[in-house]
Amino acid sequence: MSEPHSFATAQIHGGEIPDAAHGSRVTPIHLSAGFAFDDFEQARARFAGEDDGYLYSRYGNPTLAQVERRIAALEGADEAILVGSGQAAVTVALLGLLRAGDHLLAASTVYEGTRGLLTENFSRFGIEVDFVDDPSDLDAWRRGIRPITRALYGEPIANPRTQLLDLAPLADLAHGHGIPLVVDNTLGTPYLLRPIEHGADVVIHSTSKYLTGTGSALGGAIAIASAFDPDYARFTRETIASRLGPVLSPLNAFLLLQGLETLALRVERHSASALELARWLETRPEVASVDYAGLASHPSHVLAERYLPRGAGGVLSFTLRGGEAAAREFVDAVRLVSRMTHLGDVRTMLLHPASTSHARRSAAERAAAGIGPGLLRLAVGLEGVADLRADLELGLRAARPAGSARVVHFPDPSLPVAAVH
Ligand SMILES: *Cc1c(COP(=O)(O)O)cnc(C)c1O
C-alpha cells in the first residue's frame with residue numbers, strides 16, 4: 001500500500017501484503033523450517049537468488065517478512081531485518097559494519113548487555129571500542145573519532161536514567177567522517193522517536209520490550225535508512241545474520257506483530273503514567289531525586305521537548321534518600337509491581353540496578369554513572385496509575401528509616417487512593 005498518513009494507521013497496515021492464497025486477514029504463522037521447490041529449475045533459481053520465493057527459514061520466512069516490512073514502515077526505514085533477540089540485533093548490526101582492526105565509538109550509557117558484548121566479545125574479534133563518558137558532549141565524540149573508527153553508537157534514551165542523545169549533530173559528525181550513526185531505539189520506540197528522521201543510519205530494537213509489549217517473546221530488529229549504503233542491508237542479512245544464525249521464530253514474529261498493531265496506544269499510556277508517577281515521586285520526602293526526561297528538572301528536558309513531543313517513554317528511575325537499605329525495603333514491600341529485569345511490558349517492573357544489572361561495574365563507575373545504592377528503576381506498565389501509586393506508597397513507607405517520624409502529607413497517603421481523587 002502507499003505510505004499511510006498516520007502512525008496509528010501504519011502500525012496496522014504498514015507494509016502489508018494481503019494473503020493471496022486464503023485471504024487470511026491476520027498474518028499466518030509460517031512455522032516451517034523450509035519451503036518446497038516445484039521442480040529442479042526452481043530450486044536452482046532460488047539458490048541463485050533469481051526469484052524471490054522462500055527456501056529455508058534461516059534465509060527468510062513469510063511471517064518474518066511481513067513483520068520486517070511493518071517495522072521498516074514505522075521507523076521510516078528502507079528495510080528491516082528480524083533476529084532472535086535485541087542482543088542478536090546489536091551483534092548482527094555492528095558485525096555488518098566492523099571487522100578486525102576497526103574501531104567503534106559508543107556512548108558510555110549503553111545497555112549493560114551491549115557494554116559486555118562490546119568489551120568482552122568484540123575485543124576477541126580484534127574490534128576496538130571506546131566509550132564517550134559524557135555522551136551529551138559533542139566535542140568528546142569528535143575527539144574520540146580515529147581514522148579506524150567505523151561507526152558511532154548510542155541509545156537515544158539511556159537506561160535507567162533516561163539521558164537523551166542529541167541525534168542530529170551526532171549524525172552530522174558521523175557523516176562528516178563518512179561513517180554511520182547506529183542507535184538502539186528500544187526505549188524510544190518509533191512511536192516516540194524515529195531516529196532516521198534525525199539522521200541515524202541504522203536503528204536497532206530489542207523487540208522483546210515495547211514492540212512486542214506483552215513480555216511474551218524475545219526478539220530483535222535492525223532497521224536501515226534508505227540513505228545508507230545499499231550494500232549494508234544485503235550483507236548484514238545474507239552474510240552476517242544468515243550465517244551466524246540467530247533466527248527469530250515465526251511464532252515470536254507473530255506475537256511481535258500483534259504487539260506492533262497497538263504500539264501507539266500502549267506507549268502513549270506508558271508515557272503518561274510514567275510522567276504522572278515521576279511527578280508524584282518528585283514530591284516525596286523519601287526520594288532524593290527522580291530521573292525522567294519528561295520532568296522539567298531533568299538535564300535532558302530541553303532535548304525531550306525537541307525529540308520526544310509525544311512523551312518520554314515508560315522508564316524512569318528514582319533515588320531513595322535511605323540508600324541501599326531503603327531500596328531493599330522498598331523492593332520487598334511492593335505487591336502489585338513485579339521485581340524483574342525487563343521493561344516495555346504491560347506489567348510494571350522494578351529493579352535495583354546497583355545490585356543486579358550494574359553489579360559488575362565498580363562502585364566508582366556506578367557513582368560516575370549516577371547509579372547509586374539507593375537508585376531504583378521503574379518500567380511503568382499499563383495498570384491503573386492510582387493502583388501503581390498505592391503500591392509504590394507501600395515501598396516508600398517501608399523505605400523510611402526505622403523510628404523516623406511519620407511524614408505528614410496532604411493528601412494523606414494513608415487514605416485509600418480512590419478517596420484522594
Ligand atoms: C533489553 C535490551 C537489549 C537486549 O535485548 P534482548 O532482547 O534482551 O536481547 C538491548 N538494548 C536495550 C536498550 C535493551 O533494553
Side-chain angles (χ1 to χ4, degrees), residues 64 67 71 75 80-95 104 106-122 129 131 135 153-165 167 182-193 195 200 202-223 241 244-249 251-253 255-256 259-260 267 270 274 291 293 308 312-317 338 340-345 347-351 353 356-358 369 371 377-381:
L64 270 68
V67 185
I71 289 176
E75 280 290 2
I81 301 170
L82 285 176
V83 290
S85 69
Q87 282 294 97
V90 177
T91 305
V92 167
L94 292 178
L95 290 183
L104 177 73
S108 64
T109 47
V110 295
Y111 174 72
E112 283 298 296
T114 298
R115 168 180 287 273
L117 175 74
L118 299 181
T119 56
E120 292 170 29
N121 298 70
F122 277 29
V129 181
F131 294 95
Y153 182 85
E155 295 174 13
I157 306 179
N159 170 13
R161 297 188 58 221
T162 76
Q163 308 95 310
L164 305 187
L165 282 181
L167 290 174
V182 181
V183 298
D184 176 340
N185 192 30
T186 298
L187 267 66
T189 82
Y191 176 68
L192 298 176
L193 177 68
V202 179
V203 179
I204 292 165
H205 283 281
S206 165
T207 64
S208 323
K209 313 288 172 51
Y210 292 100
L211 301 194
T212 299
T214 50
S216 56
L218 297 188
I222 303 159
L244 295 184
V247 185
L248 186 70
S249 162
L251 176 58
N252 284 19
L255 294 168
L256 166 55
L260 285 173
V267 175
H270 283 295
D291 294 305
L308 303 173
V315 173
L316 63 91
S317 61
S338 305
M340 266 181 81
T341 180
H342 187 49
L343 57 91
D345 195 308
R347 285 153 281 262
T348 297
M349 295 170 175
L350 182 68
L351 190 73
T356 60
S357 55
H358 291 66
I371 299 173
R377 180 185 82 184
L378 194 67
V380 179

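In listed order, ligands and their atoms are each counted from 1. Everything numeric in this text was worked out from a predicted model, so none of it was measured.
Here L248 contributes atom CG and L218 contributes atom CG; the two are 9.0 Å apart, rounded to the nearest 0.5 Å. To the nearest 0.5 angstrom, S206 atom OG is 7.0 Å from Y111 atom OH.
The shortest N or O to N or O distance between V90 and ligand 1 is not below 3.5 Å. Below 3.5 Å of separation, one finds no N or O of T114 facing any N or O of ligand 1. Not one N or O of E155 is nearer than 3.5 Å to an N or O of ligand 1, by distance alone.
Against a heavy-atom cut-off of under 4.0 Å, D184 is close to the following atoms of ligand 1: 10 (C), 11 (N), 12 (C), 13 (C). Here is the list of ligand 1 atoms found below 4.0 Å of a heavy atom in G219: 7 (O).
Panel note: side chain R161, backbone A369; a donor-acceptor pair is recorded below 3.5 Å.
T214 and S216 are linked by a side-chain donor-acceptor pair at a separation below 3.5 angstrom, with hydrogens and angles left out of the test. When only modelled atom types and interatomic distance are considered, D291 and S317 share a side-chain donor-acceptor pair under 3.5 Å.
Summarising the contacts of atom 5 (O) of ligand 1 with S206, A88, G188, the nearest heavy atom is found in S206.
When I157, L193, L192 are each tested for a side chain to side chain contact (heavy atoms under 4.5 Å, CB included) with L187, only one passes: I157.
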Stepwise side-chain hydrogen bond (donor to acceptor under 3.5 Å, both in side chains) check, E75 with N185
CA-CA 10 Å; E75 280 290 2; N185 192 30; 3.0 Å; yes
Quick one, V315 with V380, criterion side-chain contact (heavy atoms from CB on, under 4.5 Å). Give me CA distance, side-chain angles, the key distance, then yes/no.
CA-CA 6 Å; V315 173; V380 179; over 6 Å; no
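What sits closest to atom 3 (C) of ligand 1 on the protein, heavy atoms only, is Y111 CE2, 3.4 Å. Looking at atom 7 (O) of ligand 1, its nearest protein heavy atom turns out to be S208 OG, 2.6 Å. Closest to atom 9 (O) of ligand 1 among all protein heavy atoms lies Q87 N, 2.8 Å. At the top of the distance list for atom 1 (C) of ligand 1, counting protein heavy atoms only, stands K209 NZ, 1.4 Å. Among protein heavy atoms, atom 6 (P) of ligand 1 sits closest to G86 N, 3.3 Å.
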